[in-house]
Amino acid sequence: MPELPEVEIVKQSLEKSVLFQTIQEIQVRNRNLRFKVDINIKKKFNGLKITKIFRVSKYLLIKFQNNSFLLVHFGMSGTLHQVKKNIEKKNTNLSFYNNRDLPIRHNHIIIKFKKFSIIYNDPRRFGFFIPFEDEVNLKSFLKKLGPEPLTKKFNFVYLKKKLENKTGNIKNTLLDQKIVSGLGNIYVNEILNICKIDPLKTAKLLKEKDLKKIVKFTNIIIKKAINNGGSTIKNFKNILGKEGNFQDTFRAYNNDGNKCKNLNCKGVIKKNFISNRSTYFCTYCQM
DNA sequence: CCGTTAACCTGAGAGC
DNA sequence: TGCTCTCAGGTTAACG
């Protein structure tokens, strides 16, 4: 599911409800996520107050009063839901698709607070929870990530240096979290379309003006996506069930057959596959 | 070192 | 109605 903007929206909504709250209990109903959930997760965080909620690229991080951390990744279909106390066993009416009842069997982790609970639901189980004893261990886990959009480190000079030997195509390169962290398939498609760059173009062959455009429009699109509550394709929602709106302004993703939205471009958006990921591009201005 | 591919999962929708 | 097939906001081990 979520790329940087969606995780940011979850972070913002979670912060409003659980910052400075104390965890009463964590229930793990199914440990078999992308990585097996640490069986001690309950002991580690019981009775601890949350002192900070933040995000690093696509990771959500919860910090506790003893300076330990809980890292959450949502994979493709993970969501958090705030529910009233003691209704964890009922369907939460926030489903994977549409608004049918969400199958209770995908409620894998339940974090209980005094007045409500937060449920982690993930039908495909590509997400994961990892506890960290301290900041050193957490930073070690995150150190492989490249800079995020909207930070000073993500700039033209950095990108030029990073791409100068990249023989792969620009689309896969931008999806590589070691180069830039936080982008996923939707936003890379959107960025390359507005920059008028062929997704299959070899990364190191891009002109300087193209790299400058990538930096500029990556920041613009990510900022706009956050301001629009993220993108809801199938099941993304914040913890209160609110969907995003950015999908309404997609220019490439899911737009095959539609006219290219670039100014004065007469082209049409086509769909193909690059490394098994759907890729949307204009056959006129992106070639 | 590099880039590509397959694998991990479930569910919705299309086609027959 | 029901079966089979494809595809989905991600990551990464294994391979050439």
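Small disclaimer: the values here were computed from a predicted structure and weren't measured. Values below: all heavy atoms of this structure, side chains included; hydrogens, waters and symmetry mates excluded. Lettering follows sequence order; numbering is per chain, from 1.
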Protein-nucleotide distance (A:L33, atom CG; B:dC9, atom P), rounded to Å: 11 Å
Here the distance between atom C1' of C:dA14 and atom CG of A:N276, to the nearest Å, is 15 Å
Using whole Å, report how far NZ of A:K162 lies from P of B:dC1. 12 Å
Can you list, by residue number, the residues of residues 244-251 of chain A that have a non-hydrogen atom closer than 4.0 angstrom to DNA chain B? none
Partners passing side-chain contact (heavy atoms from CB on, under 4.5 Å) against A:K162 (at least two apart in sequence or in another chain): A:Y158, A:I179
Is a donor on one side and an acceptor on the other found under 3.5 Å between the side chain of A:Q177 and the backbone of A:L145? no
Given the rule that I, L, V, M, F, W and Y join up when any side-chain heavy atoms are under 4.5 Å apart, are A:V7 and A:L80 in one cluster? yes
Rounded to the nearest angstrom, tell me the gap between atom CG in A:N30 and atom P in B:dC8. 17 Å
So what does A:K271 touch, heavy atoms closer than 4.0 Å: a base, only the sugar-phosphate, or nothing? sugar-phosphate
Can you list, in residue-number order, the parts of residues 165-174 of chain A that come under 4.0 Å of DNA chain B, counting heavy atoms only? A:K166, A:T167, A:G168, A:N172
What is the distance, to the nearest angstrom, from the CZ atom on A:F74 to the C1' atom on C:dT11? 16 Å
Whether the side chain of A:T249 engages the backbone of A:F246 through a donor-acceptor N/O pair (distance < 3.5 Å, no angle test) should be reported. yes
Spacing of A:H106 atom NE2 relative to B:dC8 atom P, expressed in whole Å: 18 Å
Could you list the donor-acceptor pairs under 3.5 angstrom formed between side-chain atoms of residues 42-53 of chain A and any protein atom two or more places apart in sequence or on another chain?
from: A:K44; atom 1: NZ; to: A:E133; atom 2: OE2; distance (Å): 3.0
from: A:T51; atom 1: OG1; to: A:K63; atom 2: O; distance (Å): 3.4

Check whether any side-chain nitrogen or oxygen of A:Q177 sits under 4.0 Å from OP1 or OP2 of C:dG10, and answer yes or no. no
ring centroid sep under 5.5 Å plus plane angle under 30, A:F126 with C:dT11: no
Name the atoms and distances for all side-chain donor-acceptor pairs under 3.5 Å in residues 195-210 of chain A, with sequence neighbours left out.
from: A:D198; atom 1: OD1; to: A:L200; atom 2: N; distance (Å): 2.9
from: A:E208; atom 1: OE2; to: A:K160; atom 2: NZ; distance (Å): 2.9

Using 30° and 60° as the class limits, which term best fits the ring planes of A:F141 and A:Y59: parallel, tilted or perpendicular? perpendicular
Considering just the side-chain nitrogens and oxygens of A:K234, establish if one lies under 4.0 Å of OP1 or OP2 belonging to B:dG13. no
note: A:D176, atom CG; C:dG10, atom P; distance rounded to Å ~ 13 Å
If you compare every side-chain N and O of A:S278 against the phosphate oxygens of C:dA8 (OP1, OP2), does one of them come in below 4.0 Å? yes
Taking OP1 and OP2 of C:dG10, is either one under 4.0 Å from a side-chain nitrogen or oxygen of A:R34? no
Counting only N and O atoms by type, is there a donor-acceptor contact under 3.5 Å from the side chain of A:E148 to the main-chain atoms of A:F154? no
Quick one: does NZ or CZ of A:K112 land under 6.0 Å from the six-membered ring centre of A:F116, within 45 degrees of the ring axis? no
According to a strict under-4.0 Å criterion, is A:R124 in side-chain N/O contact with OP1 or OP2 of B:dA7? no
Does any part of the side chain of A:H73, heavy atoms only, come nearer than 4.5 Å to the side chain of A:F126, both counted from C-beta? no
Quick one: A:L142 CG to C:dT11 C1', roughly how many Å, whole number? 15 Å
Dot-bracket for DNA chain B, please. Rules: Watson-Crick or G-U, both distances under 3.5 Å, ( ) within the strand, [ ] when a pair crosses earlier ones, | for another strand, . otherwise. .|||||||.|||||||
I'd like to know whether A:N67 forms a side chain to side chain donor-acceptor pair (under 3.5 Å) with A:E135, so could you lay out the CA-CA distance, the side-chain angles of the two residues, the decisive distance to 0.1 Å, and finally the verdict. CA-CA 7 Å; A:N67 293 320; A:E135 194 161 7; over 6 Å; no
Span that lies between the P atom of B:dC9 and that of C:dC3, in whole angstrom: 24 Å
Under-3.5 Å donor-acceptor pair between A:R125 side chain and B:dC9 base: no
With a 4.5 Å cut-off on side-chain heavy-atom distances among I, L, V, M, F, W and Y, is there a chain of contacts connecting A:L240 to A:Y120? yes
